[in-house]
Amino acid sequence: MFADQHHSSKLLTQTDIDYIRSSGRDPAQVIDQVAILLGPRVPAPILRPAVINDGIQLVRDYDLALLSRLHDQAAAKGRLSSFVPASGSGTRLFQSLFDLYRERVTDPDQVRARARDDASARDALVVLDQINDFAIWKGLEQRGCSNDSFERLLHLLFDESGLRYHELPKGLVPFHNYPDGIRTAFIEQIYEAAALTMDAGKNCRIHFTITLAHGPRFQEELHRELPRLEQTLGGRLHVGFSGQSPATDAIAVDLQGKIIRDTAGQILFRPGGHGALLENLGACGGDVVLIKNIDNVARQEHLQKIVEIRKQISGLLLFVEAQIHETIRGLRQRADPTEALRLLDRLWGRKPQQPLSSADDQRAWALTQLNRPLRVCAVVATLEHAGGRPFWMTVDQLGAALQIVEGAEIDLGDQRQRDLFHSSRHFNPVDIACSLRDVDGRPFDLKLFSDPSRALIANKTLWGVPAVIYEHPGLWNGGMALWNTVFLEVPDFTFNPVKSLSDLWAPGHRQAP
């Protein structure tokens with residue numbers, strides 16, 4: 001299928017345009033989305049995987065004391081804050097147990113028999129066999145559940161009158177047991193943010209992006225825990241929340257290329273994917289911002305060593321940022337551009353794509369390359385996890401550049417591209433330090449550094465209709481395509497995701513004996 005922008009605009013009536021405007025959206029963006037959905041797919045043209053000494057750096061190559069000191073100095077000045085995407089639902093965490101409940105499986109021996117061939121049953125079995133050690137057990141026990149009552153356990157979790165943890169946002173599901181109570185991922189993230197970002201005035205800033213319908217639950221949890229948190233941490237917590245703006249909602253088309261509408265004929269908009277959070281990130285007012293997903297958090301016993309690594313990530317960002325800012329100031333004062341060209345070559349192997357004969361042209365080119373948002377992305381050496389991986393890729397304005405690329409962005413029908421993608425040996429756990437302000441302290445307009453061509457297109461069924469879905473370029477993928485990027489390999493103990501409840505039995509979440 002193919003549609004140019006003119007054809008796409010013809011799919012919108014004047015009533016559509018009026019409706020789009022009245023709902024705070026931009027008709028031009030909707031037209032662009034239609035054109036992308038109906039046009040030819042534009043896969044990400046990866047060149048090669050980033051590897052050690054070719055795109056991925058090692059922290060041992062730096063003065064660790066210096067990196068930690070740079071972090072601490074910036075934190076003391078109030079430059080650092082945390083940004084935690086936390087809109088995920090708890091549904092997937094409980095999926096394997098909910099499947100048993102829905103199928104009315106009441107005998108644990110049935111689960112054991114299934115587990116030999118069924119990954120979902122194996123997942124459920126981990127939880128059932130160790131249920132007393134999971135943080136959800138306290139709520140079950142308070143309702144009279146015993147650990148030998150498998151059927152009652154499932155009913156207490158999922159009945160209409162049950163605990164129904166699967167309906168909670170993931171951030172509010174009980175994660176960890178402590179002698180003084182239970183902590184959710186939301187609370188654990190606050191402890192980690194305080195250890196990283198507390199300033200000299202004992203202020204800590206952390207921002208969560210949430211589904212707005214869950215806002216009251218987050219506020220209730222914060223109100224309940226805040227006095228104890230501030231007393232324990234010895235500081236003042238500034239916790240902010242935001243949701244995806246309805247203006248970033250996106251459209252879908254059916255297989256005939258027609259925009260999907262509701263029963264009244266209005267365009268049906270749906271959330272535009274995590275790339276829509278670029279707007280939230282830009283609006284949070286941050287300077288140096290540390291990004292981490294809500295479910296990637298460990299128990300308190302592991303906090304110190306994880307914080308040490310995360311300080312190295314932000315310290316490296318600050319180290320590179322200082323070099324960039326010094327170079328930009330020199331270029332503005334008409335310094336010889338040679339050092340700026342060397343810096344770009346050393347950091348990213350970046351050279352002008354065509355000869356620049358004059359020093360003025362070289363300065364101008366170097367300024368455009370350096371004056372952009374900067375990020376240091378942690379990567380771990382693993383093949384176990386699906387998701388974004390580090391690659392060299394051809395990017396407009398930058399040439400060969402370091403990028404995080406998802407499998408959904410690759411033409412997997414192209415043997416060479418498929419082989420290149422699967423040859424990557426590193427994974428992006430979404431542990432990212434970002435520099436969001438320019439040399440003059442002004443916030444970058446992050447929209448200008450996104451690549452619209454890397455929108456994510458998915459085939460799904462919506463309201464019973466096979467559909468092609470538009471999602472904004474991924475927040476750390478195409479949404480940050482025109483940033484300057486550094487990849488830093490970190491130990492895998494820093495990555496403790498919880499995609500299923502059984503993941504809470506992994507070492508980073510289990511209480512030491």
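Rounding to the nearest 0.5 Å gives a distance of 14.0 Å between CZ of Phe98 and CG of Leu93. For the atom pair CD (Gln323) and CD1 (Ile328), the distance works out to 12.0 Å, reported to the nearest 0.5 Å. We find the CZ-CG distance between Phe495 and Asp431 to be 9.5 Å, quoted to the nearest 0.5 Å. Considering CG of Leu318 and OG of Ser435, their distance stands at 7.5 Å, rounded to 0.5 Å. Taking NZ from Lys460 and CZ from Arg270, the interatomic distance works out to 5.0 Å, rounded to the nearest 0.5 Å. With rounding to the nearest 0.5 Å, the separation of CD in Glu489 from CZ in Arg60 is 8.5 Å.
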Exercise for the section: Start with the C-alpha gap between Asp123 and Lys499, add the side-chain angles, then the distance that decides, and say whether salt bridge (Lys or Arg N to Asp or Glu O under 4.0 Å) holds. Expected result: CA-CA 11 Å; Asp123 183 85; Lys499 304 305 179 186; over 6 Å; no
Practice task
With side-chain contact (heavy atoms from CB on, under 4.5 Å) as the test, would you mind laying out the steps for His176 and Leu504 before giving the verdict?
Solution key: CA-CA 8 Å; His176 301 143; Leu504 290 169; 4.2 Å; yes
Problem - Derivation and outcome, side chain to side chain donor-acceptor pair (under 3.5 Å), residues Gln244 and Ser87 - result: CA-CA 9 Å; Gln244 287 187 17; Ser87 59; 5.1 Å; no
Exercise for the section: Show the numbers, then the answer: is there a side-chain contact (heavy atoms from CB on, under 4.5 Å) between Ile206 and Thr197? Expected result: CA-CA 9 Å; Ile206 180 169; Thr197 68; over 6 Å; no
Practice task
Would you sort out whether Gln369 and Leu398 count as a side-chain contact (heavy atoms from CB on, under 4.5 Å), showing the intermediate values?
Solution key: CA-CA 7 Å; Gln369 298 301 308; Leu398 304 181; 3.4 Å; yes
Practice task
Starting from the C-alpha separation in whole Å, work towards a yes-or-no answer on side-chain contact (heavy atoms from CB on, under 4.5 Å) for Glu409 and Met393.
Solution key: CA-CA 12 Å; Glu409 298 184 89; Met393 177 179 146; 6.0 Å; no
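For His71 against Leu196, the heavy-atom pair with the smallest separation is NE2-O, 2.8 Å. When all heavy atoms of Glu167 and His214 are compared, the pair lying nearest together is O-NE2, 4.0 Å. Nearest heavy atoms, Gly478 versus Pro473: C-CB, 3.6 Å. Between Ser314 and Ala433, the shortest heavy-atom contact is CA-CB, 3.9 Å. In plain terms, the two heavy atoms of Ile56 and Ala50 that are nearest each other are CD1-O, 3.2 Å. Looking at every heavy atom in both residues, Val379 comes nearest to Pro390 through CG1-CG, 4.0 Å.
Within the 4.5 Å cutoff, the side chain of Ile306 has heavy atoms near those of the Asn496 side chain. Contact of the Asp503 side chain with the Ser500 side chain is registered, since non-hydrogen atoms from C-beta on lie closer than 4.5 Å. Looking only at side-chain heavy atoms (C-beta outward), Tyr101 and Leu157 stay at 4.5 Å or farther from each other. Residues Phe158 and Leu154 form a side-chain contact, since some pair of their non-hydrogen atoms from C-beta on lies under 4.5 Å apart. Residues Leu281 and Val289 are in side-chain contact: their nearest non-hydrogen atoms beyond the backbone lie under 4.5 Å apart. By the 4.5 Å heavy-atom criterion applied to side chains, Leu125 and Arg122 are not counted as neighbours. Ile404 places a side-chain heavy atom less than 4.5 Å from the side chain of Phe487. Side-chain contact between Lys447 and Glu279 is absent, with no heavy-atom pair separated by less than 4.5 Å.
A side-chain donor-acceptor contact under 3.5 Å links Ser245 to the backbone of Ala247. Using modelled atom types, one side-chain atom of His274 and one backbone atom of Leu475 make a donor-acceptor pair closer than 3.5 Å. At distances below 3.5 Å, not a single donor-acceptor pair connects side-chain atoms of Ser450 with backbone N or O atoms of Pro452. Remark: the backbone N or O of Cys434 is not paired with any side-chain donor or acceptor of Arg375 at under 3.5 angstrom. A distance-only check finds no donor-acceptor pair linking the side chain of Asn293 to the backbone of Asp295 [under 3.5 Å]. Side chain of Ser23 to backbone of Ile20: a donor-acceptor contact under 3.5 angstrom is found. Side-chain atoms of Asn132 do not come within 3.5 Å of backbone N or O of Trp137 as any donor-acceptor pair. Between the Trp348 side chain and the Thr485 main chain, a donor and an acceptor come within less than 3.5 Å of each other. Side-chain atoms of His472 come within 3.5 Å of backbone N or O of Thr248 as a donor-acceptor pair. A distance-only check finds a donor-acceptor pair linking the side chain of Arg299 to the backbone of Asn177 [under 3.5 Å].
No hydrogens or angles considered: nothing links the side chains of His207 and Ser81 as a donor-acceptor pair under 3.5 Å. A donor atom on one side chain and an acceptor atom on the other are found under 3.5 Å apart for Asp54 and Trp392. Side chains of Asn280 and Ser242: a donor-acceptor N/O pair is present below 3.5 angstrom, by distance only. Looking at Asn203 and His238, their side chains do bring a donor and an acceptor atom within 3.5 Å of each other. Under 3.5 Å, the side chains of Arg510 and Gln130 contain no donor-acceptor pair of N or O atoms.
Between Phe493 and His302, the gap from one ring centroid to the other reaches at least 6.0 Å.
Salt bridge Arg442/Asp438: present, at least one basic N to carboxylate O contact under 4.0 Å. Residues Glu225 and Arg228 are paired through a salt bridge, judged by an N-O separation under 4.0 Å between the basic side chain and the carboxylate. Comment: Arg69 does not engage Asp63 in a salt bridge, judged by the lack of any side-chain N to carboxylate O separation of less than 4.0 angstrom. Remark: Asp287 does not engage Arg205 in a salt bridge, criterion side-chain N to carboxylate O under 4.0 Å.
In this structure, Glu326 places its CD atom where only 12 or fewer heavy-atom neighbours from other residues, nucleotides or ligands lie under 6.0 Å away. Within a 6.0 Å sphere centred on CZ of Arg92, heavy atoms belonging to other residues, nucleotides or ligands number 12 at most. No more than 12 heavy atoms of other residues, nucleotides or ligands lie within 6.0 Å of CZ in Phe319, so this atom counts as exposed by the packing criterion. For CD of Glu103, the number of neighbouring non-hydrogen atoms (other residues, nucleotides, ligands) closer than 6.0 Å is greater than 12. For CZ of Arg164, the number of neighbouring non-hydrogen atoms (other residues, nucleotides, ligands) closer than 6.0 Å is greater than 12.
Between Phe218 and Phe186, the ring planes are perpendicular. Angles over 60° get that label, and only those under 30° would be called parallel.
Checked against Gln312 for a side-chain contact (heavy atoms from CB on, under 4.5 Å), the options Val490, Leu70, Leu64 give a single hit: Leu64.
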